[in-house]
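One structure is given below, encoded as structure tokens.
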Amino acid sequence: MAAYSLFDRVRRSEAASGVALISPTALYAILLLAAPLATVLIYSVMTDGPSVGVVWQLNFDNYAKVWTEPIYRAVMLRSLLVSFAVTAVTVILAYPVAYFVSFNVPASKKSLWLFLITIPFWTSYVIRVFIWKGIILGYNGVINQVLMGIGLTSEPLQAINYNVGAIIITLAHAYAPFAILPIFVSLEKIDRSLLEAGLDLGENRFLTFLRVTLPLSMAGVIAAVMIVFIPTVGDYVTPTLIGGGKVNMIANQIQVEMLKQHRMALGSAIAVSAMLIVCVICLVFLFLNRRFLGAQK
Amino acid sequence: MTFSDEKPTMIEFKDVQKYYGDYHALRGITATIKAGEFFSLLGPSGCGKTTLLRTIAGFEGISSGAVLIDGKSMAEVPANLRPTNMVFQSYAIFPHLTVEQNVGFGLRKDPRSAEEKQKAVDEALGMVGLKGYGKRAAHALSGGQRQRVALARALILKPKVLLLDEPLSALDKKIREQMQMELIKLQREVGITFVLVTHDQEEALVMSDRIAVMFEGEIAQLADPETLYRKPANRKVAEFIGTMNFLPATIVAEDAGKITVDAEGFGRIAIDATQVSRANPGDGPSVGFRPETLTLLFDGQTASDQESNATVSEVVYYGDMTYYDVKLAGSDTPLRLSMRNTPGRPVLDIGAPTRVAWSAGAMVLFR
């Protein structure tokens, strides 16, 4: 047995094959994720030039502006409130659906039910937004037609369109499957004899749910919260189309700064600030959950 | 081994029927379990023993009949309000709670103060030999420890009946045997009625005051371990409990108290009329006897009752015991017998001619 050359050893090592396996993904992540992120970070501490593009001059004024001027604060706050509301509505409505599919649907029919839950995804999100905007919530939409038809109102309501409520309804519908699936998976993993044990030890069904099912499905709920909360904070399409440009969220503000006002540095500072805020909120949420769940692995 | 009949009834089954769609899972179970008794439901898988246990716990409804606990019908009583607690086959330890939170799970509505409850939890843990394990995470326990937590969690509530659903089947042999002994001791200490489901006949014999042997949704025999072993009600029970030798026989004469049969290899045997059980439907009569009731005779030994010539056809050496298969002169049926390997006693070889001692008193006639 001759000793392998260094090259051979590297080539045959597990680390090398691991790197080879992930390299397409890694390349993709570096070019399309890390590089733009780094660019944004660098832009955010530069100075906006008089025209398109930044002046390469270190400057923290952008952050000072973002964190002090009321307009940015108001838009950020609105983004967060919309996101909190969407997350709450989505997860609270998703839980019973996931629970029903996991506990009440016979095992042979579960895949069919999950399949049905994903049906909204068969249509592009933009089209679904237009359906909400035009057909359901719109000026001549189903709701207004019905309300006028049964004589509750004499003319179409403006209040159901172009506002935060409409944005929340649309987003909650869009993200429902993302919330249902992780909760369903966590419910599926619960050993059913644990629920019998809860009953056996004297608790009724509701208390067994509170003391056994809910804590054991928290992992899925946390995943659902993250999956819904993080992307909705930065949602751009829904406020643009449903809000009609009147109720901007943070992504719209960034777009305005970057592409309309050509303030790349300020836009980048808003983006980085938004990321930081979302990050901190998520960490706090995870930490609180860990405290509440105590010994759970 | 025998159980006093004077004890009051704890559980009563009255013609309990259970259907799952077309499947008839329980076929008219009528039986009583006495207070303070260690009672086992024994049978092969699918015989309905676990279903019957679950009708006591309230996890399974019944199609007709009645289940009474301590004289009260359980028809309208949900599982969480029944005076029973269960040790599940999978133990069902809550993975998100610590050991003491598991044990104290059922104490939420207990009016005692937090300190008193903590004391009760510590006592329960001490009782099952897990003193000092309270703060551990439940998922960090071994199988045997989980079993103990499940026991403590049930016993702390002082139920009238403790239900055990194959609690030892997941443990390895050494720990299983140790837990059997501990369970017996624990049951004597707390005096609670234990109902154990098991498919392991040895476990049932070792642990129980009385055993109900079940086949296909029916109780085939309900008796104390010794009666089950010595005088099984039918051939199916005889085959399920331990080992039994069977020899085809023909009935020669019947008179008051005695039945004379002609058994292959043994010749004429007079069997007491009380020692008669049912054969399988369609089978002819046979005599049955346990391996230890047939004894090899070594040189110079004589039988106290009867003896026959035989040939050794198989030898299985176990250290403390040797199991032989022998064939009687004039018979081709191998008969299993067991001999204790006392010092100086030889182990015979296959093919060796020998003599066996037997006694009609140890035989059961299946007809």
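Owing to the predicted nature of the structure, the values given are computational and were not obtained by experimental measurement. By convention in this document, chain letters (A, B, ...) are assigned in the order of the sequence lines, proteins followed by strands, and residues within each chain are numbered from 1.
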Residues from residues 42-61 of chain B approaching chain A under 4.5 Å (heavy atoms): B:R54, B:F59
Heavy-atom closest contact (B:S90 atom, A:D191 atom, distance): OG-OD2, 3.6 Å
side-chain hydrogen bond (donor to acceptor under 3.5 Å, both in side chains) against A:T208, all qualifying residues, sequence neighbours excluded: none
Check whether more than 12 heavy atoms from other residues, nucleotides or ligands sit under 6.0 Å from atom [atom1] of [X], and answer yes or no.
{"X": "B:K117", "atom1": "NZ", "value": "yes"}
{"X": "B:Y23", "atom1": "OH", "value": "yes"}
{"X": "A:K110", "atom1": "NZ", "value": "yes"}
{"X": "B:R188", "atom1": "CZ", "value": "no"}
{"X": "B:K185", "atom1": "NZ", "value": "no"}

Side chain / backbone / both / neither for [X] at chain B, heavy atoms under 4.5 Å:
{"X": "A:L207", "answer": "side chain"}
{"X": "A:R211", "answer": "both"}
{"X": "A:N204", "answer": "both"}

Go through the atoms of [X] and report whether side chain, backbone, both or neither lie under 4.5 Å from a heavy atom of chain A.
{"X": "B:R153", "value": "both"}
{"X": "B:L81", "value": "neither"}
{"X": "B:I93", "value": "backbone"}
{"X": "B:F105", "value": "both"}

Can you name the residues of residues 92-108 of chain A that have some heavy atom under 4.5 Å away from a heavy atom in chain B? none
Considering heavy atoms only, which positions within residues 196-203 of chain A lie below 4.5 Å of chain B? A:E196, A:A197, A:G198, A:L199, A:D200, A:L201, A:G202, A:E203
Among A:L194, A:L195, A:V212, which residue forms the greatest number of heavy-atom pairs with chain B at distances under 4.5 Å? A:L194
Just verifying a value: how many Å separate A:R205 CZ and B:N80 CG, rounded to the nearest 0.5 Å? 8.5 Å
